[in-house]
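Below, all heavy atoms of this structure are taken into account, side chains as well, without hydrogens, waters or symmetry copies. Throughout, a chain's letter reflects where its sequence line sits, starting with A, and its residues are numbered from 1. Not measured: the values here are computed from a predicted model.
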Amino acid sequence: MAKWITIEQMSHHVGEEVELRGWVYLRTDKGRLQFIRLRDGTGFAQVVVFKKNLDPEAFNAARHVTQESSVIVRGIVRQDERAPGIPGGYELDARDFQIVQLAEEYPIQPKEHGVDFLLDHRHLWLRTPRQWAIMRVRAEVIRAISDWLDDHGFLRVDTPILTPSAAEGTTTLFETNYHDRPAYLAQTGQLYNEANIFAFGKVYCFGPTFRAEKSKTRRHLQEFWMVEPEIAWCTLEDLLEIEEQFVSYIVQRVLERRANELRVLERDTSSLEKVEPPFPRISYDEAVEMINRAAAQGVRVPPKDEPLPPIEWGDDFGAPHETYIAAQFEKPVFVHHFPTEAKAFYMEPEPDRPEVCRSADLLAPEGYGEIIGGSERISDPEKLVEALKRHNLPLEPYKWYIDLRRYGSVPHSGFGLGVERTVAWICGLHHVRETIAFPRVLGRLYP
RNA sequence: UCCACCGUAGCUCAAUUGGCAGAGCAGCCGGCUGUUAACCGGCUGGUUCCUGGUUCGAGUCCAGGCGGUGGAGCCA
């Protein structure tokens with residue numbers, strides 16, 4: 001009996017007779033010679049089927065097998081430079097070929113397709129090499145996130161998805177029915193994280209979050225994954241050091257362990273190799289100056305080569321502003337001390353200058369935009385009540401949140417990193433919809 | 001919500017001024033022992049998004065609708 005191995009393991013079995021189980025993704029019919037491209041989830045490999053090496057029935061099966069049919073192939077592993085695949089360089093010289101199920105005419109071909117068609121066929125699109133590579137990078141990003149946090153004293157404490165009230169804006173909430181009372185899908189676990197740090201010191205939550213934004217851009221999903229670390233006894237300055245260590249670790253880990261996948265994606269990794277601490281830091285004030293200086297000089301920004309619009313102090317950045325700022329640096333860049341008005345209610349105002357708050361966003365290079373938003377949180381109960389009132393938020397739902405400041409309040413900070421934007425940046429993708437298996441984009445709930 | 005663009009075969013796209021709806025790929029049949037999205041020959045394949053209008057005649061022009069894409073705002 002030939003041993004069943006995976007495509008990933010082929011290089012360790014050269015000269016041996018083995019069995020592969022997988023799906024046909026391409027076939028080249030040369031008459032008495034068939035080239036079958038097989039994938040099995042671990043990789044992509046070529047099976048070479050010479051008529052003289054098989055029973056007539058088995059050869060006939062190989063000759064008529066359709067794309068995406070499930071098959072079991074027995075043969076001898078051979079090293080050959082001409083063999084395509086991932087990782088490639090090894091092929092199977094077939095001795096037997098069995099079809100488990102002959103697939104019907106398959107809609108996705110190894111060629112260009114439109115976005116609408118691909119999203120409607122996401123359940124099948126996932127089988128293609130490019131999507132395979134992206135999902136494997138995503139899994140590595142997630143493992144790197146957990147490993148780094150777990151190894152640095154953070155305790156994972158999961159926060160609820162069904163919540164009674166808004167954490168931030170109310171217009172972007174998905175409402176659901178909680179036994180005849182309204183409940184909302186979580187936009188963030190942060191407020192609960194803040195409760196958890198007083199019990200556990202350093203914590204993080206990691207899960208899906210939901211934003212009912214009417215956003216139709218390459219950076220937005222209705223449902224996305226966010227990791228949110230929160231740290232007691234931590235100032236904004238301490239927080240930025242943690243963030244740059246964390247992000248650098250994630251990037252270097254993917255470069256090290258998912259090189260094959262990045263090659264499939266044709267990612268130029270030279271800019272990723274530079275991602276290590278420290279990251280540049282500029283204040284919002286400096287950023288506004290940089291933007292307005294550039295706008296006055298008529299600087300244009302990708303992707304549409306439009307003139308960079310000037311900005312007024314107090315406004316939040318638009319996409320071209322983020323793109324311009326990020327393009328001035330080789331590494332991710334922190335922009336800190338945003339106007340208090342433009343940010344969420346819980347951010348700590350700078351004591352000597354309350355019009356700005358102790359917040360910082362991290363902008364990824366190459367136009368991938370904001371991948372982290374973070375801040376020091378208000379630690380004084382009275383200042384927090386004031387801030388809630390200033391934002392016209394009701395006090396009652398936040399009673400427990402205010403309580404946290406009444407029983408042993410300490411300076412504390414936290415941030416949220418968006419998994420999809422991080423994966424899009426590392427993979428060099430144009431749109432975050434490819435970074436999650438079943439994306440929830442505006443107007444789409446199938447499959 | 002707003003702005004721009006798009007909707008023709010299973011897929012990617014053509015169709016001149018309003019004048020017989022076409023090609024490549026996929027599928028099926030045949031040929032080929034090193035293909036890299038093979039190649040060569042043949043066959044099959046249509047509610048031109050929907051509704052209405054103009055016209056001798058509409059894929060093409062007009063109106064409304066539906067669906068999609070890109071972007072803005074907002075955000076990770």
Q | Check: A:Tyr346/A:Glu194 side-chain N/O donor and acceptor closer than 3.5 Å | A | no
Q: Mind checking A:Gln67 for me? I need base, sugar-phosphate or nothing, with any heavy atom below 4.0 Å counting as a touch.
A: nothing
Q) Roughly how far apart, to the nearest Å, are B:U17 and B:U54 at atom P? A) 25 Å
Q. So, is A:Thr28 near the phosphate of B:A38, with a side-chain N or O under 4.0 Å from OP1 or OP2?
A. yes
Q) For A:Arg82 and B:U36, is the shortest distance between a side-chain N/O and OP1 or OP2 below 4.0 Å? A) no
Q: Counting heavy atoms from C-beta on, name the nucleotide in B:U69, B:C11, B:G73 closest to the side chain of A:Thr217.
A: B:G73
Q) Which nucleotide, in any strand shown, forms a Watson-Crick or G-U wobble pair with B:U69, with both distances under 3.5 Å? A) B:A4
Q: Return the nearest nucleotide to the side chain of A:Phe50; candidates are B:C74, B:U35, B:U33.
A: B:U33
(Q) What contact category does A:Arg63 fall into here, base, sugar-phosphate, or nothing, at under 4.0 angstrom with non-hydrogen atoms? (A) sugar-phosphate
Q: Please check the phosphate of B:G70 (OP1 and OP2 only) for any side-chain N or O of A:Arg433 closer than 4.0 Å.
A: yes
Q: Between A:Glu91 and A:Gly114, name the one whose nearest nucleotide on RNA chain B is closer to the 5' end.
A: A:Gly114
Q.
Looking at B:A76, I'd like to know if its phosphate oxygens (OP1 or OP2) sit under 4.0 Å from a side-chain N or O belonging to A:Arg421.
A. no
Q. Quantified in whole Å, what is the P atom distance between nucleotide B:G30 and nucleotide B:U35?
A. 24 Å
Q) Given the C1' atoms of B:A63 and B:G70, what is the spacing between them in whole Å? A) 26 Å
